[in-house]
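Order of the sequence lines fixes the chain letters, A, B, ..., with proteins taken first and strands second; residue numbering starts at 1 for each chain.
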Protein chains: 2
Amino acid sequence: MGSQVTLAEVAERAGVSLATASRVVNGSERVVGAGLRERVLAAAQELGYTANTFAQAIARGRSDVVGLVVPDIQDPYFSVIAAAAMAAVEPTGEMMLGTTLRRQEQELRYVSTMRARRARALIMVGSRTTDNAHTRQVAQAIADFVAGGGRAVVIGQDKLGTDTVLPQNRAGAKDLAVALVDQGHKTFGVLAGPNTLLTARDRVDGFVEGLAKRGKRAGVVVHSDFTRDGGYQAMSEVLDRRTRPGCVFAVNDVMAIGAMAAVRDRGLSLPGDMAVAGFDDIPTLRDVAPSLTTVRLPLEDMGRMAGSMAMEEQAGERRRVIRVKGEVILRDSTRL
Amino acid sequence: MGSQVTLAEVAERAGVSLATASRVVNGSERVVGAGLRERVLAAAQELGYTANTFAQAIARGRSDVVGLVVPDIQDPYFSVIAAAAMAAVEPTGEMMLGTTLRRQEQELRYVSTMRARRARALIMVGSRTTDNAHTRQVAQAIADFVAGGGRAVVIGQDKLGTDTVLPQNRAGAKDLAVALVDQGHKTFGVLAGPNTLLTARDRVDGFVEGLAKRGKRAGVVVHSDFTRDGGYQAMSEVLDRRTRPGCVFAVNDVMAIGAMAAVRDRGLSLPGDMAVAGFDDIPTLRDVAPSLTTVRLPLEDMGRMAGSMAMEEQAGERRRVIRVKGEVILRDSTRL
DNA sequence: TTGTACGCGTTATCAT
DNA sequence: ATGATAACGCGTACAA
């Protein structure tokens, strides 16, 4: 690196000891005389001094870095949460970002990176999978991180033994199914996302359960990626069937958006020929037409809660699991 | 912090010197005997050792942190760039994220934070403003950062004396105007964004210039925020006028999306009653209907370029300004 | 090949 | 109130 000004240089220039300089630049107020204080400040100013965070962290034995690991920062679901968490962390901390691109090994890598960084906290958002071996590994890595003095907060399933923000996926999807039947829909399909993703499974299960409660069932269940393109593809498969359902539930909104595109690309009308519902209520929905029926999750709140839990001073006596419920919002995409 | 295992403990357990332990855990290969090597690795494994990045950074005099500062991570324009930059940085570095929420003082704060972190590089994306005093301050802060041995890359205007990825806003908007006139549009309006934002101004200027080249002019120019809601509001103002233009240019896509919503909310048809064009070609556009005419910027390339410039080893003999041109893409939203 | 010892920039303890 | 000085955890010349 180039020539960064050190505190020692500032102290020398101000004609004071290193300790005194340190005190005025950072330490508790009022411990140092006004005269010296001035001189130190002036010297720091003139030299363009900036404290070396690394040195501080190592000397203090702690840092204010919060690690945020998300599958994909481009996905609105995650970017909303990230922005909210950021806002909560920003006042006193700094945020390190890791994106896994949905690759499991990346998840592990980031946890250990945050451990190496002696991060103050780690926020991990994204669904767990059916890969129990991997889940165990992540849980272990996080346990190590926590043992080292870090906080960990997860948004998703409660499988990692951490403070958790837990969306009620199953209940929300069940409510949605009931509402759709009550609205008059008769036949259903499900764009189920990856079979290995717990969030997706919970939503499928909840939806099927809700249908059953009203004496209905899902005629078609198609698996695909948890993305816009996954939704498009899955819906295309549904449309290729001889018998099409009248209403399709996509397990998240981005998939639903892709599904709508597939419907439109076939020249079919929406919701006339095909009704579509999603899950999450991402902000993007404001601008999709017809407006999309979905299950609203308070994404901003979830991000903010995770962020503030991460920044809490106290290590917390007992771990917390905050259940967040989804609210069914009926819009035009399922209007009969 | 809790009890993190140190290299010294590993060394002791392995029965070797600190230096040897350091060599095997990090340093150049093959310098250490196979036997000791094994023992050190085993000890590290058993103890669950993780190198303290802070200590490494301070001892080495450099870090692999890259700071990314964006106005808003939820805006697709920035999240695409962020994701691409992330991909370029990830192999060897780590990314620290800062969002300014379009507040200027935050910009300065993050630059100095990255300086304190002795970050390897800083990527700043977002338009400069007409506030020259602030621009000077940021330029100075960045100069200090660079003097300290950091790299700086900017995506936006070339006003900070750094390596820069520079979109050809003016030329792109000009091309768009010409294309729209040639398509048969007669009367125009501009949703101009903030009057203080250089990117917005450049695009307005270019558009007006293009119109002039074809003997046309912009009948209405309305300023607003550079956001979806800004576009909605500005378009609402346009629609309130006695004489409405037939075609409106929103200086970015998110504004255009807001503008389309405003048109729709009045029960007007698009592009029948009002044609709309945007700028950027964000991925979100895939799912807006009617498809939006825009000026395509290679956002991913831009992010990737910035990321790899940030990770370059050599300090670069001369600063580079990479001009990126926009390509007019005519779609349904301006079809006559 | 391996170990010794010093330096990196701060903070914090203990005298003064 | 102020100043020495010992940590903090690691890398690395230099010596062996």
Side-chain angles (χ1 to χ4, degrees), chain A residues 1-41 43-44 47-65 115-120 148-149, chain B residues 1-41 43-44 47-65 115-120 148-149:
Chain A
M1 308 200 49
S3 58
Q4 290 275 12
V5 179
T6 74
L7 189 55
E9 302 179 54
V10 173
E12 184 182 18
R13 171 139 184 168
V16 302
S17 74
L18 221 188
T20 301
S22 173
R23 291 195 261 259
V24 15
V25 174
N26 313 296
S28 45
E29 314 288 333
R30 314 249 162 114
V31 195
V32 70
L36 291 191
R37 175 175 212 81
E38 285 307 312
R39 275 159 54 194
V40 173
L41 254 24
L47 267 40
Y49 169 76
T50 306
N52 184 325
T53 319
F54 293 139
Q56 292 189 141
I58 194 181
R60 294 195 242 231
R62 60 190 179 74
S63 81
D64 285 317
V65 172
R115 191 163 161 237
R117 286 235 165 266
R118 302 310 192 257
R120 171 201 189 97
Chain B
M1 307 198 49
S3 59
Q4 289 275 10
V5 179
T6 75
L7 188 54
E9 303 179 52
V10 173
E12 184 182 15
R13 169 141 186 166
V16 303
S17 74
L18 220 185
T20 301
S22 172
R23 291 184 183 110
V24 15
V25 174
N26 312 297
S28 44
E29 313 287 334
R30 313 245 162 116
V31 195
V32 69
L36 292 191
R37 176 174 212 80
E38 285 308 313
R39 275 160 53 194
V40 172
L41 256 24
L47 267 39
Y49 170 75
T50 305
N52 184 324
T53 319
F54 293 138
Q56 289 184 313
I58 193 181
R60 290 183 180 143
R62 61 189 180 73
S63 80
D64 286 316
V65 171
R115 189 161 163 240
R117 286 232 164 269
R118 302 312 192 254
R120 173 202 187 98

Between [atom2] on [N] and [atom1] on [X], what's the gap in Å once rounded to a whole number?
X: I58(B); N: dT12(D); atom1: CD1; atom2: P; result: 14 Å
X: R39(B); N: dG3(C); atom1: CZ; atom2: C1'; result: 14 Å
X: D64(B); N: dG11(D); atom1: CG; atom2: C1'; result: 15 Å
X: R60(A); N: dG9(D); atom1: CZ; atom2: C1'; result: 17 Å
X: E12(B); N: dT2(C); atom1: CD; atom2: C1'; result: 18 Å
X: N52(B); N: dC8(D); atom1: CG; atom2: P; result: 12 Å
X: L47(A); N: dG9(C); atom1: CG; atom2: P; result: 14 Å
X: E38(A); N: dA1(D); atom1: CD; atom2: P; result: 16 Å

Item checked: Base dG9(D) paired with R118(A) side chain (donor-acceptor, <3.5 Å) ->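 Side chain to base: no pair present.
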
Next item on the list: Spell out yes or no: do the side chain of R62(B) and the base of dG11(D) have one donor N/O and one acceptor N/O closer than 3.5 Å?
Entry: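 Per atom types, no contact qualifies.
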
Verify the contact: side-chain N or O of [X] to OP1 or OP2 of [N], cut-off strictly under 4.0 Å; return yes or no.
X: T20(B); N: dG3(C); value: yes
X: S17(B); N: dG3(C); value: yes
X: Q56(B); N: dC10(D); value: no
X: N26(A); N: dT11(C); value: yes

Note to self: Quick check: closest heavy atoms across Y49(A) and V5(A), and the distance to 0.1 Å?
What the structure shows: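 Y49(A) and V5(A) have their closest heavy atoms at CD1-O, 3.5 Å.
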
Checklist line | Minimal non-hydrogen separation, V40(A) against V10(A), with atom names | finding: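 That would be O-CG1, 3.9 Å.
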
Notebook entry, point to check: Any donor-acceptor pair under 3.5 Å linking the side chain of S63(A) with the backbone of A57(A)?
Noted result: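 Answer holds: no.
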
Base, sugar-phosphate or nothing for [X]? Non-hydrogen atoms, less than 4.0 Å.
X: L7(B); value: sugar-phosphate
X: T53(A); value: nothing
X: L36(B); value: sugar-phosphate
X: A57(B); value: nothing
X: T6(A); value: sugar-phosphate

Next item on the list: Would you mind telling me which residue lines up with the more 5' stretch of DNA chain C, L18(B) or A59(B), judged by nearest nucleotide?
Entry: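 With L18(B) and A59(B) compared, the 5'-side residue is L18(B).
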
Notebook entry, point to check: Is there side-chain contact between L36(A) and V24(A), with at least one heavy-atom pair below 4.5 Å?
Noted result: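 Side-chain contact under 4.5 Å: no.
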
Notebook entry, point to check: Does a sphere of radius 6.0 Å around CD in E9(B) hold more than 12 heavy atoms from other residues, nucleotides or ligands, not counting ones at 6.0 Å or beyond?
Noted result: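 Counting other residues, nucleotides and ligands, CD of E9(B) exceeds 12 neighbours.
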
Item checked: Residue that, paired with N52(A), satisfies side chain to side chain contact (heavy atoms under 4.5 Å, CB included) out of R117(B), R115(B), R118(B) ->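 Of the listed residues R117(B), R115(B), R118(B), the side chain to side chain contact (heavy atoms under 4.5 Å, CB included) partner of N52(A) is R118(B).
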
Checklist line | Proximal nucleotide (of dG11(D), dT10(C), dT2(D)) relative to the S22(B) side chain | finding: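 Comparing dG11(D), dT10(C), dT2(D) against the side chain of S22(B), the answer is dG11(D).
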
